[in-house]
Asker: 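Can you read through this structure? Questions will come right after.
Note that these values count all heavy atoms, side chains included, but never hydrogens, waters or copies made by symmetry. Numbered from 1 within each chain, the chains take letters A, B, ... in sequence-line order.
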There are 2 protein chains.
Amino acid sequence: MPVAQRLEHVALELFATQGFDETTVDELAAAGGVGRRTFFRYFPTKLDVVLGELDEGLAGLVLALGEQPGDDPVAAARAAFLAVNRYADVELPALRRRLGLIEDVPELAARATVRYRDWESALAADAARRWDVDAASLRAQVFGRVVVAAMRAVFSAWHARPEADADALGALVDEAFDALARGFS
Amino acid sequence: MPVAQRLEHVALELFATQGFDETTVDELAAAGGVGRRTFFRYFPTKLDVVLGELDEGLAGLVLALGEQPGDDPVAAARAAFLAVNRYADVELPALRRRLGLIEDVPELAARATVRYRDWESALAADAARRWDVDAASLRAQVFGRVVVAAMRAVFSAWHARPEADADALGALVDEAFDALARGFS
DNA sequence: CTGGCGGGTGGCACCGAGTGCCGCTTAGCG
DNA sequence: CGCTAAGCGGCACTCGGTGCCACCCGCCAG
């Protein structure tokens, strides 16, 4: 088992039992059988142990967006998100733990939103392309941010339903995109 | 001039000239003529010197939302935001400086989004009331987050236009809410 | 076999944010 | 005049994060 993965696993364990703030980096490093200094070589921040793979999806999202045809950004974004968020049943418990931590450790929530900035930009750029407008235009910018916000709501809602499975996640994604497509009035 | 206000003023000055990260709390305290310990009695965090009054608007927003009639949450939110964000010309430069800092100091952006959680909740609750659905329903939750996301895009866009005035801000708000009302497809 | 080379490691010292504790001043009041 | 209470701020401490450097170990050249 590679060091990074071991550290990540051990860390989520400790966070779950002791709480995030109550667990120091020294403990994490010790539990992972590595020096404190080495810990920071694998994760720039204590926060990033939790968020680590969440944004590995960015590359995937950009790729998936690129593959979508048509001139409707909503449809493209919907398809891309559905494609990217295909989780195997085995992965769901870990996903739940992560979401739980992000949800109720404010610092983590904050850090997560910073990570999402790239997603917002990517979505805005894609929408601008399909609409044939400037990527800096308000409409494109609003679109990018709004889609990410909706996805955060989806994950939050999914996490709140204790026994929702992967299909439920897809259904929520669809529902959210329906709202974005049709508007709220 | 009260201590808090003086500290805030001096801090924005120093942040503008030296940068946020390059300015230590000791400098802020010294520049404000108080002890380091006292600084932390007025602001829980260095970050909060910048964000301070940004979320004083929450109470105002909730109030304004309450005053809006009708069963369309978009219209209500639009009116509430327009009512809350009435800035006098004198306030604009300070607003610009704040927005600039929030925009390009990631830590500040992160902290700001945490503050916005309450706004999201308030908007979701209001929408749920007008639609007569559960406040925890996906539609209401998505609405709350999406509106705040759109407003962030508006402020960002406004900040990006160097000579936009208070009226321009209102116009951007309208444009964003139009998009939310009609949908993106 | 030996001596150099390079990457991963981790100890050490340091910085800055944030906190608890406590002694000091000062204003208000009996 | 003395007592009290509140604001102030120094001091010491914790913890996250960083720069520096010595060390270990596998590798290759001589």
Asker: Should the pair E13(A)-R97(A) be classified as a salt bridge under the 4.0 Å nitrogen-to-oxygen rule?
Answerer: yes
Asker: Is any side-chain N or O of R37(B) under 3.5 Å from a base N or O of dG20(C), one able to act as donor and the other as acceptor?
Answerer: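 Flag set: donor-acceptor pair detected.
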Asker: Using whole Å, report how far CG of D48(A) lies from C1' of dG17(D).
Answerer: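 Atom-to-atom, D48(A) to dG17(D), this comes out as 12 Å.
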Asker: Indicate whether OP1 or OP2 belonging to dG16(D) is found under 4.0 Å from a side-chain N or O atom of T45(A).
Answerer: no
Asker: Would you mind classifying the nucleic acid contact of F43(A) as base, sugar-phosphate or nothing, using non-hydrogen atoms under 4.0 angstrom?
Answerer: nothing
Asker: Going by an N to O cut-off under 4.0 Å, is there a salt bridge joining R130(B) and D72(B)?
Answerer: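 Here R130(B) does not pair with D72(B) in a salt bridge, since their nearest N and O are not under 4.0 Å apart.
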Asker: Is E163(A) salt-bridged to R96(A), cutoff N-O under 4.0 Å?
Answerer: no
Asker: Roughly, in whole Å, what's the span from NZ in K46(B) to C1' in dG16(C)?
Answerer: 8 Å
Asker: Write down the distance between CZ (F40(B)) and C1' (dC13(D)), rounded to a whole number of angstrom.
Answerer: 14 Å
Asker: Relative to F39(A), does K46(A) satisfy both conditions: NZ or CZ under 6.0 angstrom from the six-membered ring centre, and within 45 degrees of the ring's axis?
Answerer: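 Not flagged: K46(A) not positioned over aromatic ring of F39(A).
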Asker: Ignoring hydrogens and geometry beyond distance, is the side chain of R41(B) in donor-acceptor contact with the base of dG9(D) at under 3.5 Å?
Answerer: yes
Asker: Is there a side-chain contact between Y42(B) and the phosphate of dC8(D), meaning an N or O under 4.0 Å from OP1 or OP2?
Answerer: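 Result: yes.
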Asker: Output the rounded distance in Å from CG (D26(A)) to P (dC12(C)).
Answerer: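 Distance, rounded to whole Å: 13 Å.
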Asker: Just call it for F39(B): base, sugar-phosphate, or nothing, with non-hydrogen atoms closer than 4.0 Å on any strand.
Answerer: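 No contact.
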Asker: What is the distance from CG of D21(A) to C1' of dG18(C), rounded to the nearest Å?
Answerer: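 For the pair D21(A) CG and dG18(C) C1', the rounded distance is 12 Å.
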Asker: Within this structure, what is the CD-to-P distance between E22(B) and dG16(C), rounded to whole angstrom?
Answerer: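 From E22(B) CD to dG16(C) P: 11 Å.
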Asker: In whole Å, what is the span from the CD atom of Q18(A) to the P atom of dC15(D)?
Answerer: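 My rounded result for the distance is 12 Å.
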Asker: Can you find a donor-acceptor N/O pair under 3.5 angstrom joining the side chain of R36(B) to the base of dG16(C)?
Answerer: no
Asker: Just wondering, are more than 12 heavy atoms of other shown residues or ligands nearer than 6.0 Å to CG in D21(B)?
Answerer: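 Yes, the 6.0 Å shell around CG holds more than 12 heavy atoms from other groups.
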Asker: Can you measure E27(A) atom CD to dC15(D) atom P for me and round it to whole angstrom units?
Answerer: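 The answer, rounded to whole Å, is 8 Å.
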Asker: Checking all strands, does T38(A) fall into the base, sugar-phosphate, or nothing category for heavy-atom contacts under 4.0 angstrom?
Answerer: base
